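A short write-up of the structure that comes next.
Read the numbers this way: they start at 1 and go in the same order the structure lists the ligands and their atoms. Predicted model, so just to flag it, every value in this text is computed and none were measured. If you read the sequence from its start, that first residue is 1, and numbering goes on from there. All heavy atoms count here, side chains included; hydrogens, waters and symmetry mates do not.
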Amino acid sequence: MTNPLKLSDTTFRDAHQSLMATRLRTEDMAALAERMDSVGFHSMEVWGGATFDAATRFLMEDPWERLRTLKSLLPNTPLSMLLRGQSLVGYRTYADDVVDAFVDRSAENGIDVFRVFDALNYEPNLERAASAVKRAGRHLQLTICYTVTGEGRMGGPIYNLDYYMSKARALRDMGADSICIKDMGGLLAPYDAYDLVSAVKSEIDLPLQLHCHYTSGMASMSALKAVEAGLDVLDVCLAPLALRTSQPAVEPIAVALMGGERDPGVDIEAILDIGDDLEAVLPKYAEHMQTTRSAVIDARVLSHQIPGGMASNMTSQLREAGAIDRLAEVLAEIPKTRADLGFPPLVTPMSQMVGAQAVSNVLFGRYASMSEPVKEYLRGGYGKPVSPVSQELVDKLAETDGQDAPPAPDRPGETLAPELEAAREAVSDLTSDIDDALIYALYPQTGERFLRIKHGLERPPDPAAPSAPAPQPEQAPSDAPPRSTRARRFNVFVGGRFFEVEVDPVGGPALSGPPSPPSAPPLAQAAAPPSRAAEPAQGQVAVPAPMPGILVSLAVSVGDEVKTGDPLLVLEAMKMQNTIPSPADGAVESLPVPPGAQVMREQTLAVIKTEG
Ligand code: CO
């Protein structure tokens with residue numbers, strides 16, 4: 001009597017999301033899909049997660065069209081998607097009517113298995129999506145996000161076996177058709193995998209699936225121990241997009257189990273051939289592949305706990321921002337920020353929130369600026385944190401919120417008014433299609449841009465052109481030396497006045513002499529008079545974009561009086577909306593960038609007149 005291990009392939013979703021910033025195009029999937037259908041996979045994860053956002057934001061591909069295409073090419077393999085509970089495939093809590101419609105349309109367009117998770121393992125955030133999946137008659141896979149408290153192994157005061165068992169029972173009681181343990185950080189150690197899978201299988205009478213990332217190098221070992229403990233389904237992917245921060249490769253696992261009781265019985269020759277073809281198309285994505293490191297594994301993930309997608313995202317965002325040299329500082333800041341926020345599992349959207357806040361803490365000072373999602377999280381808008389958040393941050397926020405802020409609801413989605421009709425109305429000039437309206441409902445800014453392009457009202461971006469506008473000409477005199485990549489901005493406070501200066505070590509890259517770390521310039525240099533480039537004129541302060549992004553909205557008009565810290569505008573950067581505060585008391589002199597425009601790092605967003 002054999003008990004074949006079932007394999008779920010993630011090549012078309014998580015694998016390229018983890019290794020190449022979710023950029024694999026439908027055409028390259030379609031070329032492989034028909035043969036993938038005959039391999040013998042239990043299911044294929046092809047949709048959801050970041051694919052929906054990346055398709056509309058970067059690839060100018062209709063994600064619904066991708067799903068229909070893959071469904072037609074994969075008629076024999078159930079298709080699965082990753083759904084972030086009440087956050088769907090976006091980054092905030094959506095209203096119930098958007099959740100219902102999105103699940104319904106996903107099922108209608110071809111999804112068979114819905115893997116539903118919540119970043120905080122907060123069950124009320126799964127309820128609405130779970131009901132919608134049941135109503136659509138599809139397979140409901142409820143998910144436990146796996147993480148560790150801080151020691152690198154299961155246990156400790158928060159993430160111990162009791163915690164995971166109580167989660168598994170809760171998901172069973174919610175009507176799950178199967179349960180997934182989702183180890184997004186590659187933190188599940190082999191013997192913990194054995195103990196966890198044994199415990200769940202001995203008590204919970206449901207199929208159990210394991211999703212892990214290779215990041216730390218443990219995933220293939222953990223997978224094997226999980227299989228020995230009775231795991232039913234394992235997530236794998238084709239070798240060219242396996243390992244590193246992606247899933248374990250299918251080929252060695254299939255061969256390791258061959259001929260035994262758990263032989264998955266897949267067509268290995270076919271897998272190898274398809275892998276060759278995948279390998280052949282990947283060079284064109286070279287710019288998005290994270291291959292700068294020699295090591296295939298990142299052993300340090302065991303201490304910094306950063307999931308693969310988050311790490312690759314953060315690396316590319318920091319590089320775009322010209323701050324890649326601060327990566328080590330950001331990695332060191334992440335566990336501190338995570339502790340302040342009550343030890344959330346680092347998975348979307350918590351991973352983006354913690355990551356972006358850690359970046360902000362390093363670049364601008366700890367909590368000098370809090371992103372809107374972090375504020376919302378601290379107010380309880382994402383659900384109950386796993387453990388208490390920093391009271392200092394809660395108090396700081398309560399100060400700005402005022403005393404009459406309403407208490408957080410038990411289920412964050414329940415307080416939101418319906419959103420779908422307004423979304424349909426907002427795009428009614430462009431389209432009456434419900435799938436289009438859902439794109440807008442999820443991402444008003446990038447979604448609208450995508451829809452305008454899709455319906456021929458805007459030209460698609462030239463794929464050969466840089467993704468952002470050219471930098472504005474500098475205002476420095478022509479005899480000024482060129483600014484090097486080592487230049488850093490500093491806030492300088494002199495006698496109650498505020499200046500923003502840019503400090504660039506003389507002599508460019510340090511060829512000789514003692515290099516000064518960018519975070520600690522010599523005091524004399526930092527306290528020097530404001531530089532020509534950073535200070536447009538006496539009595540004016542320019543507000544530069546701290547990161548490349550999209551200017552979402554303006555909170556002020558030209559001529560308005562503002563105080564230091566007053567919100568000036570909202571910038572979407574690193575997929576987070578950030579309120580940019582006024583650096584000084586004064587009047588708004590100019591707002592050179594219109595809402596909706598893409599901005600470069602350092603581009604002036606506002607000028608504040610400080611004397612009048
Ligand atoms: Co994953």
- Message: I'd like to check the side-chain contact (heavy atoms from CB on, under 4.5 Å) partners of E61; sequence neighbours left out, ordered by chain and number.
- Response: R25, T26, A55, L59, R66
- Task: Just jot down the salt bridge (charged side-chain N to carboxylate O under 4.0 Å, His left out) partners of R411, sequence neighbours excluded, or say none.
- Result: D96
- Item | Which residues share a side-chain contact (heavy atoms from CB on, under 4.5 Å) with A170, sequence neighbours left out | E123
- Message: Just verifying a value: how many Å separate I181 CD1 and Q209 CD, rounded to the nearest 0.5 Å?
- Response: 10.5 Å
- Query: Does a salt bridge link K6 with D232, judged by any charged N lying under 4.0 Å from a carboxylate O?
  - Reply: no
- Protein N, O or S atoms at less than 2.8 Å from the Co ion (ligand 1), how many? 3
- Item | Salt bridge flag under 4.0 Å for residues R68 and D435 | yes
